Amino acid sequence: HTRTYSFSGYGCDQSFVGIGIMSTGIAVGLNKGFPVEKKARPAGRCKGAKTAKAELCREVVREVSGLLAYERRLMDMLKIGGASAEKRMYKFAKKRLGTHKRANKKKEDVKDVYARMRAKNA
């Protein structure tokens, strides 16, 4: 007898199976021991899920430390603009970061930082 439970917490949906196999009450064998039903317990937290504390910490670190050198170059590319500024930003970020996904994410991050700077100055 197996039961499926679902648990949702810390921004993740996680299903797990609770073991409902009863012990036999015999001292030997696979299901030896006193017959009790095991409680199904969900995992304490989901690895990789964003927590409010971690987000705040990252935000403070970014504010204090500022941009990295290659991020400043991306910002300059955005400021200069031109017809293919986004494409050049992407190509540069991809060369530095290695993957398409990371490059696009970094490009969007730098664009957000620039937009916030412009909104603050305006």
Side-chain angles (χ1 to χ4, degrees):
H1 310 341
T2 57
R3 296 191 185 109
T4 305
Y5 303 92
S6 66
F7 171 72
S8 143
Y10 288 107
C12 69
D13 293 322
Q14 182 177 344
S15 294
F16 56 93
V17 176
I19 309 292
I21 299 171
M22 296 289 286
S23 300
T24 57
I26 301 171
V28 291
L30 282 173
N31 300 319
K32 67 180 180 177
F34 190 79
V36 293
E37 192 170 333
K38 297 271 195 276
K39 280 187 183 177
R41 292 202 176 103
R45 60 183 296 275
C46 283
K47 183 178 178 183
K50 289 183 180 177
T51 61
K53 186 177 176 180
E55 284 292 305
L56 178 67
C57 185
R58 286 191 190 108
E59 191 178 313
V60 168
V61 168
R62 171 50 65 112
E63 195 174 308
V64 169
S65 62
L67 296 174
L68 297 171
Y70 81 95
E71 290 174 335
R72 281 195 293 273
R73 280 183 65 182
L74 285 169
M75 183 85 78
D76 289 340
M77 287 179 194
L78 185 62
K79 283 178 184 173
I80 293 166
S84 58
E86 287 209 18
K87 185 176 179 181
R88 277 185 299 131
M89 282 174 70
Y90 165 75
K91 285 178 79 172
F92 181 73
K94 180 148 187 321
K95 190 171 183 183
R96 290 298 163 102
L97 298 171
T99 66
H100 174 79
K101 209 173 189 176
R102 287 177 185 171
N104 276 336
K105 191 172 188 307
K106 183 58 70 177
K107 182 182 76 171
E108 294 303 318
D109 287 347
V110 170
K111 281 171 62 178
D112 287 345
V113 169
Y114 184 60
R116 274 190 261 124
M117 275 176 45
R118 287 188 65 178
K120 190 177 176 184
N121 292 340

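All figures in this text were calculated on a predicted structure; none of them were measured in a lab. For reference, positions follow the sequence shown, starting with 1.
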Q: Which atoms form the tightest heavy-atom contact between K32 and A27, and what is the distance?
A: CD-O, 3.3 Å
Q: Using the rule that Ile, Leu, Val, Met, Phe, Trp and Tyr join whenever any side-chain heavy atoms are under 4.5 Å apart, tell me whether F92 and L97 fall into a single cluster.
A: yes
Q: So how far is it from L78 CG to M89 CE, rounded to the nearest 0.5 Å?
A: 4.5 Å
Q: Do other residues, nucleotides or ligands put more than 12 heavy atoms under 6.0 Å from E59 CD?
A: no
Q: Minimum heavy-atom separation for G25 to P35, with atom names?
A: CA-CD, 4.0 Å
Q: So, for L68 and E71, which heavy atoms are closest and what is the spacing to 0.1 Å?
A: N-OE1, 2.9 Å
Q: Taking all non-hydrogen atoms of both residues into account, name the closest pair between G81 and R88 and its distance.
A: O-NH2, 3.1 Å
Q: State, yes or no, whether a side-chain contact exists between M75 and K79 at a heavy-atom distance under 4.5 Å.
A: yes
Q: Flag yes if Y90 and Y114 sit in one hydrophobic cluster, no otherwise; membership is Ile, Leu, Val, Met, Phe, Trp, Tyr, and two members link when side-chain heavy atoms are under 4.5 Å apart.
A: no
Q: If you take all heavy atoms of A85 and M77, which pair is closest and at what distance?
A: CB-O, 3.8 Å
